[in-house]
Protein chains: 2
Amino acid sequence: MSETPQNHPASASERVVPDADLRSIDAWWRAANYLSVGQIYLLDDPLLRRPLVPEDVKPRLLGHWGTTPGLNFLYAHLNRVIRDRALSSIFVTGPGHGGPGMVANTYLDGTYSEVYPRITRDEDGVRALFRQFSFPGGIPSHVAPETPGSIHEGGELGYSLSHAFGAAFDNPELVVTCVVGDGEAETGPAATGWHSNKFLDPVQDGTVLPILHLNGYKIANPTVLARIPERRLVELFRGYGYTPYVFTAGFDGEDPISIHRRFSALLESVFDEIARIRADARAGRYHSDDPVTATPEWPMIILRTPKGWTGPHEVDGVLVEGTYRAHQVPLASARDTPEHLRILEEWMRRYRPEELFDDAGAPSASIDRLAPQGELRMSANPVANGGLLRTPLSLPDFRDFAVDVPSPGATTAEATRVLGTWLAEVIRRNPSTFRIFGPDETASNRLAPPVYEATQKQWAAAILPTDDHLARVGRVMEMLSEHQCQGWLEGYLLTGRHGLFTCYEAFIHIVDSMFNQHAKWLKVTRRIPWRRPISSLNYLLTSHVWRQDHNGFSHQDPGFIDHVVNKSAEVVRVYLPFDANTLLSTYDHCLRSVDYVNVVVAGKQPAANWLTMDEAVDHCTRGLGILEWAGTEMTGQDPDVVLAAAGDIPTLEVLAAAQILREALPDLRVRVVNVVDLMRLQSESEHPHGLPDREFDAIFTVDRPVVFAYHGYPWLIHRLAYKRHGHDNLHVRGYKENGTTTTPFDMVMLNHLDRYQLAIDAIDRVPGLAQRCAGLRQELQDARLRARAYTREHGEDIPEVADWSWSGAR
Amino acid sequence: MSETPQNHPASASERVVPDADLRSIDAWWRAANYLSVGQIYLLDDPLLRRPLVPEDVKPRLLGHWGTTPGLNFLYAHLNRVIRDRALSSIFVTGPGHGGPGMVANTYLDGTYSEVYPRITRDEDGVRALFRQFSFPGGIPSHVAPETPGSIHEGGELGYSLSHAFGAAFDNPELVVTCVVGDGEAETGPAATGWHSNKFLDPVQDGTVLPILHLNGYKIANPTVLARIPERRLVELFRGYGYTPYVFTAGFDGEDPISIHRRFSALLESVFDEIARIRADARAGRYHSDDPVTATPEWPMIILRTPKGWTGPHEVDGVLVEGTYRAHQVPLASARDTPEHLRILEEWMRRYRPEELFDDAGAPSASIDRLAPQGELRMSANPVANGGLLRTPLSLPDFRDFAVDVPSPGATTAEATRVLGTWLAEVIRRNPSTFRIFGPDETASNRLAPPVYEATQKQWAAAILPTDDHLARVGRVMEMLSEHQCQGWLEGYLLTGRHGLFTCYEAFIHIVDSMFNQHAKWLKVTRRIPWRRPISSLNYLLTSHVWRQDHNGFSHQDPGFIDHVVNKSAEVVRVYLPFDANTLLSTYDHCLRSVDYVNVVVAGKQPAANWLTMDEAVDHCTRGLGILEWAGTEMTGQDPDVVLAAAGDIPTLEVLAAAQILREALPDLRVRVVNVVDLMRLQSESEHPHGLPDREFDAIFTVDRPVVFAYHGYPWLIHRLAYKRHGHDNLHVRGYKENGTTTTPFDMVMLNHLDRYQLAIDAIDRVPGLAQRCAGLRQELQDARLRARAYTREHGEDIPEVADWSWSGAR
């Protein structure tokens with residue numbers, strides 16, 4: 001690269017970091033690097049008390065060296081800053097595959113041995129530390145839930161910034177250092193994650209210090225940002241609204257102490273600047289009415305170093321340090337090739353372990369003096385083990401927000417709007433621990449207007465007088481990026497707070513992969529005693545498949561549920577409340593729960609209310625139940641047919657079908673069942689919510705036909721119920737990937753989920769009935785065709801559907 | 001905003017656009033706006049030949065106005081440029097919900113009536129055009145497959161740039177104009193999509209002209225990029241490597257002709273600049289060895305206009321034009337409120353329809369003269385109906401690349417590497433119509449080294465002498481963004497070319513949502529006669545769940561298959577070839593197919609070869625089959641138990657289990673079945689590949705226990721086979737979300753998919769067998785425990801597993 005790097009800020013800090021500190025930083029860095037290499041390679045001789053022999057080396061060499069020395073460098077320097085300034089800080093490791101580094105640092109500062117007493121601070125402990133890494137029965141190779149101080153797995157690249165900002169919201173004293181690898185920087189979520197600064201309030205929220213680590217390479221390629229002109233790189237981050245500082249080291253043989261002196265001076269400046277911005281903000285110097293001064297231009301650092309810095313420069317005649325070849329394990333056959341073993345030993349001895357560990361094998365005093373104390377250690381900061389800080393929400397009684405239901409279907413409501421009235425009160429009672437995240441859909445999903453009576457949308461860029469509900473601080477976070485919503489919320493929950501993500505149902509698939517990682521995180525943390533439970537991740541999916549009136553086919557996908565149920569049953573819950581009161585009852589439950597992912601799918605359109613609040617609570621507590629008022633049950637007798645539903649639109653159609661059947665065939669015993677908690681359908685053995693077989697059979701029968709109208713893809717019901725006795729009698733209707741921009745009733749007709757079809761299905765499945773009432777069956781077929789013709793002619797639902805209301809008694 | 005906009009490039013073009021053209025542009029713009037409003041609102045009186053009455057207005061008003069006038073403005077101006085320069089150009093509409101605009105433009109240029117003769121170019125045609133929009137039986141509200149000239153649905157926001165660049169690759173004469181909405185610009189895929197310029201070769205590829213349309217608002221919020229200081233906005237796009245031009249209009253009452261004059265002058269400059277860059281590139285003036293001059297700094301335009309430009313300024317006392325309230329339908333009750341009806345009519349008359357349409361209702365001559373001719377119309381460019389241009393690949397005979405298999409398991413290979421040798425030859429034979437896309441994983445997934453003997457990785461940024469396989473042009477596209485890989489490939493396929501996307505299995509979930517949209521696109525296009533078939537979208541998923549040796553739990557997720565099978569059966573195919581020859585045969589089939597999404601999951605690690613090429617072809621043609629050499633069949637007799645497998649690791653374990661059983665229980669009749677084409681398990685009625693019941697029963701029996709070892713989540717097999725006669729006898733093992741960084745055999749043990757467990761499962765399910773051979777069963781249990789203990793002690797697989805090889809005869 002031919003350009004002159006901008007290597008430090010214009011005005012260097014006055015504060016001079018003493019040489020003793022620089023030497024401690026260097027010792028820490030060498031020790032962390034040493035321990036990282038040891039984890040990747042060694043089974044024995046952990047402190048090189050004798051020459052290495054092949055048997056000291058692990059038979060399978062697994063892990064990622066390339067990113068690790070840069071992470072260790074930063075961790076060492078941040079320790080010094082935290083110690084000197086008594087900062088509360090956590091470290092988010094975007095290049096999370098640099099797991100050995102984070103383990104090494106948390107071992108050096110003592111936290112690792114505190115949470116894993118087996119890993120002692122002596123030679124045996126170092127041996128155990130090395131052995132367990134990427135070893136069966138040991139620890140994963142990444143920065144994982146097992147790693148103290150981590151809130152970010154780092155296996156999937158992309159959203160470290162989103163996690164970091166989520167952690168910073170409502171944590172005014174916190175500084176989150178977030179390392180973004182230059183590989184990760186190419187991902188979409190990272191590329192938009194930089195814009196989080198337009199959503200962070202410099203008074204009520206904390207600070208994120210992003211550090212882009214340009215080590216130049218990914219697995220097998222250079223990185224984009226390492227190969228563009230440096231002036232463009234700087235413009236890019238100025239464009240993102242930061243003040244970037246480029247720091248380059250490791251390419252020219254500069255003495256490490258000199259590098260440390262330069263970098264610690266830079267950090268002093270940067271942390272001074274952070275303090276100045278925060279003071280300016282408290283003094284009211286950022287003005288929303290002026291785009292130029294609305295958003296603080298926080299500092300960020302671009303750290304350019306070789307990949308695999310300090311590692312083997314060349315192996316087998318090819319360059320390793322400073323190339324992509326340093327990504328994983330630079331010496332692939334250290335156990336089997338004497339030359340590799342020699343290079344390994346030479347490499348590790350270059351860190352001078354004899355200076356770093358005392359005779360017993362504990363870290364030296366020079367290292368110890370660098371570590372912050374107690375909870376100021378980044379690895380021990382309770383923010384990174386959010387369950388320690390979490391307090392339950394103060395929840396208003398949701399019963400007070402009930403809609404009045406004098407009889408089933410007698411009143412109507414927009415369910416999510418009703419939920420919004422309750423959420424507004426949740427916000428009032430929890431002014432700094434609860435947030436709602438959404439990709440510009442809070443209003444469209446009709447939590448607004450109610451929630452905007454209690455709060456605003458937080459927005460740290462310019463605000464115009466014509467804007468509605470935008471403010472410097474607020475509980476609603478809206479950015480048109482599902483990745484950001486998910487990442488922010490995860491960061492917020494992982495640090496001990498509460499929230500929900502409201503999203504169009506179809507587009508929640510954008511974060512399928514992020515959901516996967518969070519569900520995996522929760523599963524693992526349940527087995528880590530020192531990780532305390534965190535609030536559940538709550539989804540509110542609306543604007544769902546059946547009511548995409550404006551948008552049509554591209555917006556129709558109910559498959560997130562299918563995706564979710566693949567994850568560990570102890571972690572996932574799926575609810576389909578079918579009216580306003582069941583939604584209130586469901587969400588109250590969700591906001592109280594911990595360590596789950598709760599998926600709630602609900603309607604936003606005006607729709608009938610079916611259950612009183614008492615009934616709703618009862619129904620939701622059981623998770624499913626018979627709607628006795630809707631069927632034609634005879635006490636003590638099994639029904640002839642069961643009409644079951646899950647979801648608001650399917651329930652509506654089932655109720656209408658039941659009414660058709662009751663009026664036309666009063667002697668037919670029809671049972672109507674609604675399922676709110678989808679996991680009740682699974683066996684007890686497969687899911688903790690699974691209904692015992694006896695109870696399941698009592699509701700669905702073991703031998704009567706069950707016509708099941710389901711909100712989503714029909715086969716999921718088969719999958720959930722396949723171990724049930726009556727599953728051969730189960731006939732499921734659902735979304736069959738048929739749709740366009742059309743009327744709501746045309747949508748259910750296109751997918752054979754409409755009332756006429758359901759009534760026909762019931763008739764066809766009760767033995768002998770189709771023959772006995774062929775005329776009725778034909779009438780229902782005709783009604784379907786008439787409905788279709790009408791809707792195509794008039795562009796609206798047929799009056800008898802649009803105006804249908806329940807005429808049964810409770 | 002208080003800043004001075006940079007309203008035009010420094011050096012304006014010499015060319016002056018004649019006033020007659022400016023008037024035509026204005027007429028076109030007004031006509032397109034008029035037709036857009038008409039589509040949203042009107043049932044009748046399409047040309048306002050009389051005053052509007054309520055019955056002229058649709059009962060349900062659906063659609064999106066806000067973005068539409070800006071799109072129409074651009075379309076009109078581009079027509080002029082294309083006509084004057086005889087450019088080949090297509091238009092990618094990021095804000096694809098502006099569907100009425102694109103329909104209007106393609107109606108004005110005549111294409112719409114050519115492909116839909118029912119929509120004539122007269123008053124009746126305009127009426128039909130209006131009526132069908134967002135109407136049952138009509139067309140969707142978005143820019144959809146039904147829209148001529150579209151390759152981008154636009155329902156899901158985020159990857160218009162990826163599509164645009166994908167279209168431009170290997171289309172040197174093409175200019176793709178890509179409008180990115182400022183809402184879309186907040187998404188992750190868009191934020192990284194700008195970096196596509198580092199992957200485009202200015203000689204062999206075409207040009208993308210991005211236009212960021214800053215209309216300032218999303219659904220209910222301002223946009224981030226509209227509210228940052230303009231100098232930062234400009235820096236951002238300079239940082240992305242473009243030369244940005246800001247053009248502002250519509251805020252100050254400027255005369256439309258003046259606006260058109262300014263914008264057409266800007267376009268002249270921009271297209272001159274594009275021509276200059278292309279000429280410079282052909283003259284070799286971009287140098288990979290210099291980061292400053294490696295990448296052309298292509299022009300891009302930032303168009304700042306009011307949202308809902310030219311629409312109602314104020315409705316019901318609140319501002320609409322220039323606010324988020326213009327997003328969908330500005331007049332919500334035009335049918336029911338006289339005041340709204342009045343505003344609607346006034347709004348439409350402001351476009352002066354009497355000047356725009358002749359007496360018959362056809363577009364006026366002033367409009368006609370603006371349209372490019374024939375295939376130069378953006379709506380009729382065959383590039384946007386890629387099937388018209390597609391020619392089948394020239395495929396080398398995959399049989400020539402077969403691995404030698406003297407007997408089952410006698411040789412080993414890395415399946416993907418073998419595939420790579422064939423793909424290298426595919427690349428040689430198809431030097432400009434085939435590309436491989438991957439997120440920095442082509443080498444890791446072991447298509448390399450072979451493919452790099454035939455090609456390079458295309459890279460338009462700086463290249464260092466130490467780099468491997470990077471070049472200005474090449475057939476492999478690697479960026480660490482699954483979104484970009486998917487989007488580029490889709491754009492490439494939609495414009496008539498071929499390719500594949502190779503990805504780690506777990507992280508393909510990152511594009512779940514994009515896959516959804518593409519599958520929906522394919523489903524719809526199958527019903528549009530003028531859309532010609534395009535090449536299938538081929539995934540190669542490897543580095544799969546069972547062999548995440550380096551990465552562990554975060555990298556383990558085989559659920560993409562579950563996600564895929566929710567989409568229309570006519571579109572999706574899933575293959576699990578279990579060795580090198582079956583992978584070759586499968587992929588040959590995939591690269592020949594059209595209009596599918598083919599998901600292929602295959603191993604990359606050294607593994608046994610099981611089938612000769614002849615056997616592989618036969619097996620893959622059937623999609624599944626009995627491996628007679630592996631079982632202990634007796635001719636004419638049903639087996640006692642069926643061991644079935646899908647996937648390489650499950651097949652290995654099933655074969656080993658079969659060997660254990662054969663040796664221990666030589667009289668037990670064991671059948672071994674392998675499934676390559678997963679869709680064969682479904683009924684004929686559910687999937688075109690579904691095996692007829694009789695054939696299914698002949699293989700799996702109707703009453704014998706089937707122990708099925710499956711690559712992914714086990715319940716999928718139940719779901720696919722639930723209608724089969726023997727499904728109650730099906731016992732499936734698969735990935736149960738148990739994993740970490742551990743040995744390969746520990747992984748199968750953790751999930752009970754190991755050979756010992758499968759043998760035990762078989763014993764437990766054959767009636768009476770468990771009692772008869774309790775000792776053997778205990779031995780197998782002990783072997784499992786020994787294996788676990790060994791792997792935890794030694795960190796590697798037990799020798800009898802690691803060294804296991806098939807000892808049966810063929």
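For clarity, every value in this text was computed on a predicted model and none was experimentally measured. Residue numbering restarts at 1 for every chain, and letters A, B, ... go by the order of the sequence lines.
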Heavy-atom distance under 4.5 Å between the side chains of A:N516 and B:E737, does that happen here? no
| said: Would you say that A:R232 contacts B:T295 through its side chain, given a criterion of any heavy-atom pair below 4.5 Å between the two side chains? | reply: no
| field | Ring centers of B:H727, A:H727 separated by less than 6.0 Å | value | yes
_Using modelled atom types and a 3.5 Å cut-off, is there a donor and acceptor pairing between side-chain atoms of B:S141 and backbone atoms of A:H550?_
yes
Value for CZ (A:F515) from NE2 (B:H509), rounded to nearest 0.5 Å, stands at 9.5 Å
Got a salt bridge between A:E478 and B:K218, using NZ or NE/NH1/NH2 to carboxylate O under 4.0 Å? no
Highest number of heavy-atom pairs under 4.5 Å with chain A among B:H469, B:E184, B:H195 belongs to B:H195
So, the part of B:T442 with a heavy atom under 4.5 Å from chain A: the answer is neither
Turns out that what part of A:K523 lies under 4.5 Å from chain B's heavy atoms comes down to side chain
Counting heavy-atom pairs under 4.5 angstrom with chain B, the leader among A:H794, A:K58, A:H97 is A:H794
Under 4.5 Å to a heavy atom of chain A? For B:D467 that would be side chain
Okay, B:L43 and chain A: the region with an atom under 4.5 Å from a heavy atom over there is neither
The interface call for B:E686 against chain A, heavy-atom contacts under 4.5 Å, is neither
If you tally heavy-atom pairs under 4.5 Å between each of A:D512, A:D440, A:T741, A:T187 and chain B, the highest tally belongs to A:D440
Cut-off 4.5 Å, heavy atoms of chain A, and the answer for B:V524 is side chain
If one checks every heavy atom of B:Y217 against chain A at 4.5 Å, the contacting part turns out to be side chain
In terms of heavy-atom pairs under 4.5 Å with chain B, the winner among A:E186, A:E796, A:K457 is A:E186
- Could you tell me whether the side chain of A:T742 reaches within less than 4.5 Å of the side chain of B:R60, counting heavy atoms only? no
So, the part of B:F199 with a heavy atom under 4.5 Å from chain A: the answer is side chain
Note: vs chain B, highest number of non-hydrogen pairs under 4.5 angstrom among A:L62, A:L750, A:N566 is A:N566
For this session: Please tell me if the side chains of B:H64 and A:N551 come closer than 4.5 Å, counting only heavy atoms from C-beta onward.
Result: yes
Of all heavy-atom pairs linking B:F507 and A:S513, the shortest is CD2-OG, 4.2 Å
Counting heavy-atom pairs under 4.5 angstrom with chain A, the leader among B:M514, B:Q328, B:R788 is B:Q328
Under 4.5 Å to a heavy atom of chain A? For B:D549 that would be both
Exercise. Is the closest side-chain heavy-atom distance between A:K198 and B:R227 below 4.5 Å?
Worked result: no
When the 4.5 angstrom heavy-atom criterion is applied to B:T740 and chain A, the contacting part is side chain
Residues passing the side-chain contact (heavy atoms from CB on, under 4.5 Å) test with B:S162, sequence neighbours excluded, are B:Y159, B:Q484, B:W488
Cut-off 4.5 Å, heavy atoms of chain A, and the answer for B:D728 is side chain
Note: vs chain A, highest number of non-hydrogen pairs under 4.5 angstrom among B:R719, B:H563, B:H555, B:E153 is B:R719
4.5 Å side-chain heavy-atom contact, A:Y324 and B:T466
no
Applying a strict 4.5 Å limit to non-hydrogen atoms, the region of A:V329 in contact with chain B is side chain
Under 3.5 Å donor-acceptor, A:T192 side chain and B:A191 backbone: no
Looking only at B:H483, B:E441, B:Q517, B:R131, the option with the highest number of non-hydrogen pairs under 4.5 Å against chain A is B:Q517
If one checks every heavy atom of B:F135 against chain A at 4.5 Å, the contacting part turns out to be both
Honestly, the part of B:I510 sitting under 4.5 Å from a heavy atom of chain A is both
Bottom line for B:A443: the part with an atom under 4.5 Å from chain A's heavy atoms is side chain
task: Flag the pair B:N221 / A:L470 as yes when at least one side-chain heavy-atom distance between them is below 4.5 Å, and no otherwise.
output: yes
Are the side chains of B:Y713 and A:K567 in contact, using a 4.5 Å heavy-atom criterion? yes
Most heavy-atom pairs under 4.5 Å with chain A, out of B:P222, B:G712, B:G552, belong to B:P222
